[in-house]
Asker: 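The structure that follows is given in the form of structure tokens.
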Amino acid sequence: MVAGEHQTLLEGRNRVRRVSRTSPLNQGPQKKSRKKLQAVICVLLVELCERFTFFGIVCNMILFCTVKLGYGNFLAATINLCFIGTSTLTPVLVGWFAETCLGRTKVLYLCALLHFFGTAMLPVVAFPFEDFYIDTHHMTHKLQPLEQQILFYTGLLAAALGIGGIRAILCPMGAYSLFYWLVNLNSSVVFLGIAYIQQSVAQNLGFLIPFTSVLLALIAIHMTRNKLTYKPKKGGSLLTTLGVFLNSLRMGCLHYRHLSGDVGSWLDRAKENHGGRYSEVHVENVKVLAKLFPLYGLQLLYRACITQIPSGYYIQTMNSNLHLTDLLLPIAAMNVVSILPLLLLAPLIEFVTTCFLSMDKIPLAPAKVITLGHLCAALSVLVAGLSELHRKTYPLVEQTMSGKVLHVSSMPCFQLAPQYILLGVAEALVTPACSLISFQLTPSHIRGISLHFLTLSYGGGCFLGAFIILLVYYFSGGNFYPSTLQDGNLERFFFFLASLMSLNTLVFWKVSDRYLDLSVQGKSVTSSSLTEKLLHYKATLRFYETVEHLPTDSFS
């Protein structure tokens with residue numbers, strides 16, 4: 001009995017020892033998973049704070065430029081679009097700078113400080129804060145117009161560079177549908193909250209809110225430091241892609257002048273075995289990307305239509321009746337109408353696609369979805385022109401915004417909802433489909449470059465929208481984009497843009513056949529060691545000018 005109890009006690013101790021020995025091994029994966037979870041939460045917090053800041057700057061910039069700085073509608077819309085476009089393009093440029101120069105961690109801190117500095121300039125430009133500031137003589141002291149402009153543009157440029165750096169260097173969670181949904185939810189909160197504070201409650205003091213969110217982002221960055229930086233896969237760069245194009249053009253010119261021989265594609269002339277400077281791997285990767293360039297190029301005009309939400313549509317809403325009983329709605333509240341389709345359709349489309357795949361059915365091709373989205377964008381701008389004609393038939397009423405009395409149409413702003421909804425539906429259809437095509441038709445090691453080109457098309461669309469506004473303004477003498485809508489014809493600008501977008505939709509429908517088959521993903525191109533040795537041998541012969549022409553088929 002005693003011996004049995006003693007043996008049981010020994011077995012229990014051994015079991016405890018085995019557990020104690022194995023417990024540190026089990027704690028290792030748990031710590032790693034906990035650290036990863038902390039990093040993900042911190043990245044999510046930083047990204048949301050950054051987007052909170054961005055939308056806080058954009059949501060009422062036109063109102064600030066027109067009412068506080070005295071700019072015309074066309075100039076305010078141009079500044080707003082240029083800021084959005086710069087914030088969209090800088091992730092690509094700053095990401096390249098981080099990879100080649102300072103390193104990702106240093107550039108992250110530098111961009112965070114630029115973001116901090118830029119958002120700090122905006123409250124300075126808005127000074128004085130009429131909500132609480134007045135001196136002993138009951139007079140307010142304002143900055144000179146030139147000083148205001150210098151601080152304003154400097155702050156916007158610094159904020160745009162900072163935003164781009166944070167988006168480029170942190171883990172790009174925007175690629176995930178859940179984060180994309182959260183960003184749109186965050187923007188709706190901004191358009192309802194900050195826009196109301198800036199417009200009605202605190203006026204200029206509301207510019208301190210983006211500044212505060214930047215402080216929270218800086219604290220979150222400092223919490224995890226180097227764990228936040230994301231290192232993408234190697235496999236090419238924008239400079240290499242541009243170099244292949246330039247070298248192909250140069251070798252093509254030389255071919256027509258001095259050389260002979262044909263190639264399958266004009267890009268093949270950049271290959272080393274055809275006299276170029278780049279390996280077969282680089283050129284074949286660029287050829288894969290070149291197939292997507294029509295997709296990227298045709299997104300420019302579509303983006304110019306999407307940018308009407310923070311420009312042309314905003315101006316329309318600002319000149320409409322914003323009163324809801326006794327409550328004055330913020331102008332940017334109408335932007336929430338365009339965000340609702342994104343919040344509702346994104347989960348619905350994901351659910352329908354999953355159901356189709358589970359039943360072994362093929363869902364609607366992304367190229368057809370993009371065509372439908374482009375059609376919705378063209379229809380939205382057309383409806384905006386018709387709404388403008390209808391809005392001008394209403395009598396004028398007085399409406400106070402940011403302390404200034406404006407004469408606006410008595411038409412309720414809710415009658416502009418259809419054009420916002422159509423653009424929201426277009427965005428819910430086009431953006432995920434474009435990302436899917438860019439991801440599916442490129443090899444894994446150059447998908448980052450493919451998404452970079454897609455981002456460049458988005459930013460370029462913002463600048464194209466600003467250019468169209470300036471072009472229409474100057475050619476019409478200010479009639480198509482007037483500072484006082486009752487004295488001009490803003491509807492003609494919308495009709496002109498709708499005609500361009502309809503033509504763009506037709507062109508995309510014609511070329512969409514090349515993007516219908518996504519069953520075969522892009523395959524990476526490899527080069528054998530024997531081919532590399534032969535190319536090196538040929539380059540050596542060409543260097544010493546001992547060979548004038550060699551048959552190209554011998555190295556293929």
Side-chain angles (χ1 to χ4, degrees), residues 54 58 61-62 72-90 92 160 293-317 334-335 338-339 341-342 370-388 416 419-431 433-435 453-476 480-481 489-509 511:
F54 173 75
V58 169
M61 188 185 295
I62 290 182
N73 286 332
F74 82 98
L75 184 57
T78 302
I79 293 172
N80 199 22
L81 293 184
C82 287
F83 174 75
I84 297 173
T86 305
S87 302
T88 306
L89 291 179
T90 46
V92 179
F293 283 173
L295 172 68
Y296 301 146
L298 292 172
Q299 299 310 307
L300 292 173
L301 194 58
Y302 165 74
R303 282 291 147 187
C305 289
I306 292 296
T307 56
Q308 294 309 304
I309 293 179
S311 57
Y313 291 5
Y314 185 96
I315 294 172
Q316 258 190 315
T317 307
M334 289 299 295
N335 291 25
S338 66
I339 297 174
L342 293 170
I370 294 175
T371 305
L372 183 60
H374 283 195
L375 186 61
C376 289
L379 186 60
S380 172
V381 186
L382 177 62
V383 172
L386 297 176
S387 299
E388 179 63 17
L416 301 174
Q419 64 200 54
Y420 281 93
I421 294 175
L422 284 171
L423 269 191
V425 171
E427 186 68 355
L429 296 175
V430 172
T431 300
C434 285
S435 301
F453 276 105
L454 186 60
T455 302
L456 290 176
S457 68
Y458 291 167
C462 296
F463 286 103
L464 178 62
F467 176 75
I468 292 176
I469 290 175
L470 292 177
L471 191 68
V472 168
Y473 176 82
Y474 286 113
F475 272 90
S476 66
F480 286 11
Y481 218 93
N489 295 282
L490 182 63
E491 68 278 359
R492 296 183 182 178
F493 168 77
F494 290 131
F495 291 148
F496 172 70
L497 191 59
S499 61
L500 291 179
M501 189 61 207
S502 299
L503 182 61
N504 187 82
T505 305
L506 181 61
V507 173
F508 183 82
W509 177 69
V511 302

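Both backbone and side-chain heavy atoms feed into the values below; hydrogens, waters and symmetry mates do not. The residues of the chain are indexed from 1 along the displayed sequence. Predicted, not measured: the structure shown is a model, and the values here were computed from it.
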Asker: Is the backbone N or O of Ala384 less than 3.5 Å from a side-chain atom of Gln316, with the two atoms forming a donor-acceptor pair by type?
Answerer: yes
Asker: Looking only at non-hydrogen atoms, find the nearest pair between Glu491 and Gly385 and report the distance.
Answerer: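 In this case the closest contact between Glu491 and Gly385 is CB-O, 3.4 Å.
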Asker: Applying side-chain contact (heavy atoms from CB on, under 4.5 Å), run through Leu386 and Phe495 and close with a yes or a no.
Answerer: CA-CA 9 Å; Leu386 297 176; Phe495 291 148; 4.0 Å; yes
Asker: Test of understanding: with side-chain contact (heavy atoms from CB on, under 4.5 Å), list the residues that count as partners of Ser380, not counting sequence neighbours.
Answerer: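 Result, side-chain contact (heavy atoms from CB on, under 4.5 Å) vs Ser380: Tyr313, Gln419, Leu422, Leu423.
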Asker: Which heavy-atom pair separates Val381 from Cys305 by the least distance, and what is that distance?
Answerer: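 Closest pair (atom of Val381, atom of Cys305, distance): CG2-SG, 3.9 Å.
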Asker: Could you tell me how the ring of Tyr296 sits relative to the ring of Phe453: parallel (under 30°), tilted (30 to 60°) or perpendicular (over 60°)?
Answerer: parallel
Asker: Of the non-hydrogen atoms in Ile84 and Thr88, which two are nearest, and what is the gap between them?
Answerer: O-OG1, 2.7 Å
Asker: Rounded to the nearest 0.5 Å, what separates atom OG1 in Thr78 from atom CD1 in Ile468?
Answerer: 11.0 Å
Asker: So which pairs with a foot in residues 492-509 pass salt bridge (charged side-chain N to carboxylate O under 4.0 Å, His left out), sequence neighbours left out?
Answerer: none
Asker: Return the minimal non-hydrogen interatomic distance between Leu81 and Pro310, and the atom names on each side.
Answerer: CD2-CG, 4.3 Å
Asker: Taking all heavy atoms of Ile469 and all of Ala77, pick out the closest pair and write down the distance.
Answerer: CD1-CB, 4.0 Å
Asker: Among all residues two or more places apart in sequence or in another chain, which pass the ring-ring contact (aromatic ring centres under 6.0 Å, His included) test with Phe493?
Answerer: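 Listed in chain order: Tyr481.
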Asker: Looking only at heavy atoms, what is the nearest atom pair of Cys82 and Ala466, with distance?
Answerer: SG-CB, 4.2 Å
Asker: Counting only heavy atoms from other residues, nucleotides and ligands, does the tally under 6.0 Å from CZ of Phe293 exceed 12?
Answerer: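 Check passes, neighbour count above 12.
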Asker: Measuring only between side-chain heavy atoms, which start at C-beta, is Ser311 closer than 4.5 Å to Asn80?
Answerer: no
Asker: Just to verify, what does Ser338 make a side-chain hydrogen bond (donor to acceptor under 3.5 Å, both in side chains) with, not counting sequence neighbours?
Answerer: none
Asker: Apply side-chain contact (heavy atoms from CB on, under 4.5 Å) to Ser476 and list each qualifying residue two or more places apart in sequence or on a separate chain.
Answerer: Val472, Asn479, Phe480
Asker: I'd like to check the side-chain hydrogen bond (donor to acceptor under 3.5 Å, both in side chains) partners of Tyr473; sequence neighbours left out, ordered by chain and number.
Answerer: none
Asker: With the side chain counted from C-beta on, respond yes when Leu89 and Phe463 share a heavy-atom pair under 4.5 Å apart, and no when they do not.
Answerer: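 Yes, side chains in contact.
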Asker: Taking only residues two or more places apart in sequence, or in another chain, which ones meet Leu503 in a side-chain contact (heavy atoms from CB on, under 4.5 Å)?
Answerer: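 Counting only residues at least two positions away or on another chain, Leu503 forms no side-chain contact (heavy atoms from CB on, under 4.5 Å).
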Asker: Leu301 and side chain to side chain contact (heavy atoms under 4.5 Å, CB included): which partner among Leu464, Ile306, Thr505?
Answerer: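 Of the listed residues Leu464, Ile306, Thr505, the side chain to side chain contact (heavy atoms under 4.5 Å, CB included) partner of Leu301 is Leu464.
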Asker: Between Asn73 (side chain only) and Ile315 (backbone N and O only), is there a donor and an acceptor less than 3.5 Å apart?
Answerer: no
Asker: Can you list everything that forms a side-chain contact (heavy atoms from CB on, under 4.5 Å) with Leu298? Sequence neighbours excluded, please.
Answerer: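 With neighbours one apart ignored, the set is Asn504, Val507, Phe508, Val511.
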Asker: Please check: side-chain N/O of Ser387 versus main-chain N/O of Leu416, any donor-acceptor pairing under 3.5 Å?
Answerer: no
Asker: Could you work out, with ring-ring contact (aromatic ring centres under 6.0 Å, His included) as the rule, every residue matching Phe467, not counting sequence neighbours?
Answerer: none
Asker: Taking only distance into account, with no hydrogens and no angle test, what donor-acceptor pairs under 3.5 Å do side-chain atoms of residues 455-462 form with protein atoms, sequence neighbours excluded?
Answerer:
| residue | atom | partner | partner atom | Å |
| --- | --- | --- | --- | --- |
| Thr455 | OG1 | Leu451 | O | 2.9 |
| Ser457 | OG | Leu454 | O | 2.5 |

Asker: Would you call His374 and Trp509 a side-chain contact if the rule is heavy atoms closer than 4.5 Å?
Answerer: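 His374 vs Trp509: side chains apart.
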Asker: Sequence neighbours left out, what pairs pass salt bridge (charged side-chain N to carboxylate O under 4.0 Å, His left out) with at least one residue falling in residues 299-317?
Answerer: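 Of all non-adjacent pairs touching residues 299-317, those that pass salt bridge (charged side-chain N to carboxylate O under 4.0 Å, His left out) are Arg303-Glu427.
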Asker: Enter the distance from Ile339:CD1 to Ile421:CD1 here, rounded to the nearest 0.5 Å.
Answerer: 13.0 Å
